[in-house]
Amino acid sequence: MKKFVKVTALLMALCMVLALGACAGKKTEEPAEKKTLTMATNAEFKPFEYLEGEEIVGADIDMAKAIAEKLGCELEITNIDFDAALTGASTGKYDMAVAGITANDERRLSMGFSEDYYTASQAIIVVKDSEIQGKDGLEGKTIACQEGTTGEQFLIDGNYKTQSFKTAPEAVSALTTGKVDAVVVDDAVARALSKEQEGATVVLDEPLTQEAYAIATKLGNDEFLTKINDALKALKADGTLKKIFEKYELPFDAE
Ligand code: ARG
């Protein structure tokens with residue numbers, strides 16, 4: 001009898017391992033526990049990820065939770081600097097980074113990306129009545145951005161006078177206190193941050209880039225990416241993703 005119990009327990013453990021193989025995360029000693037999907041983000045990027053009190057909320061967070069649920073995993077979110085989130089995903093310290101991350105060729109050299117889930121562009125925020133009315137007006141001005149982002153890359157590539165901040169809200173503070181002349185940041189975030197200034201700042205209409213967000217993971221993590229992509233596909237197909245984006249007043253354009 002004892003032996004039978006042991007064998008059954010072993011079989012059960014094996015089944016758990018097989019069933020939960022989708023979560024590339026921590027190997028828990030306790031096979032009866034749900035496996036953990038670890039995720040890094042930078043919760044200073046409203047409406048994709050931001051803090052509401054102690055809680056990390058946002059469209060990316062809801063999406064990641066829905067993916068974890070599909071994979072039968074517990075989601076463990078770590079809030080860190082944006083560049084650390086990217087490095088953490090590329091080194092495999094975290095299973096994935098979900099942080100409004102633009103999938104581009106340069107990053108593809110050092111990390112793996114899921115399918116796109118959101119289309120974005122860089123946008124300019126200026127104070128109301130600024131003489132800057134578009135990209136041309138940036139010449140010779142001091143422009144703030146978030147460190148390690150595609151916005152920063154755009155400014156560096158264009159040889160603009162750039163001031164990088166740890167977070168996008170800090171870049172906007174530099175604008176409202178007159179320390180810089182404009183901010184370049186992802187469009188939806190620009191709108192959300194500008195809205196908080198209650199008319200003191202405006203977002204210019206001109207999109208500076210064309211980008212798409214994807215989930216980042218370690219390079220060569222193809223089995224994991226297939227599972228993430230399957231989950232994403234299912235969430236697109238059953239309308240969950242659309243609902244999540246609508247909740248945060250984001251246009252949903254995934255196919
Ligand atoms: N889309 C931009 C990039 O990938 C900015 C992302 C910043 N995200 C954040 N959670 N702070 O570089």
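In each ligand, atom 1 is the first atom listed, and ligand 1 is the first ligand listed. A quick note: this is a predicted structure, and the numbers were derived from the prediction, not measured.
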Under 4.0 Å from a heavy atom of [X]: which atoms of ligand 1 are those, numbered in the order shown and with their elements?
X      : value
Gln146 : 7 (C), 11 (N)
Glu49  : 10 (N)
Ile101 : 4 (O)
Asn42  : 9 (C), 10 (N), 11 (N)

query = Among Arg107, Glu152, Glu211, which residue places a heavy atom closest to atom 12 (O) of ligand 1?
reply = Arg107
key: Protein heavy atom at shortest distance from atom 6 (C) of ligand 1   = Gly100 O, 3.3 Å
Any Lys/Arg nitrogen of [X] or [Y] sitting under 4.0 Å from an Asp/Glu carboxylate oxygen of the other?
X      : Y      : result
Glu69  : Lys65  : no
Lys141 : Glu131 : yes
Lys236 : Glu115 : yes

request  = With heavy atoms under 4.0 Å as the rule, classify the contact between Thr150 and ligand 1 as side chain, backbone, both or neither.
outcome  = both
query = Any idea which part of Gln153 is under 4.0 Å from ligand 1, heavy-atom wise: side chain, backbone, both or neither?
reply = neither
query = With a 4.0 Å cut-off on heavy atoms, is Tyr213 touching ligand 1?
reply = yes
key: Proximity flag Glu44 to ligand 1, non-hydrogen atoms under 4.0 Å   = no
query = Within the side chain of Asp83, is there an N or O that forms a donor-acceptor pair under 3.5 Å with the backbone of Gly148?
reply = no
Residue pairs involving residues 157-179 (criterion salt bridge (Lys or Arg N to Asp or Glu O under 4.0 Å); sequence neighbours excluded) = Asp81-Lys166, Glu147-Lys166
ask   = Is there a donor in the side chain of Glu211 and an acceptor in the side chain of Thr119, or the other way round, less than 3.5 Å apart?
value = no
inquiry  = Tell me whether the NZ or CZ atom of Lys227 lies within the 45° cone about the ring axis of Phe224 and under 6.0 Å from its centre.
reply    = no
message = Is there a polar contact between ligand 1 and Ala99, counting only N or O atoms under 3.5 Å apart?
response = yes
ask   = Has ligand 1 got any nitrogen or oxygen that is less than 3.5 angstrom from a nitrogen or oxygen of Asp186?
value = yes
remark   = ring-ring contact (aromatic ring centres under 6.0 Å, His included) with Phe48: of Tyr248, Phe82, Tyr213, only one passes, and it is Tyr213
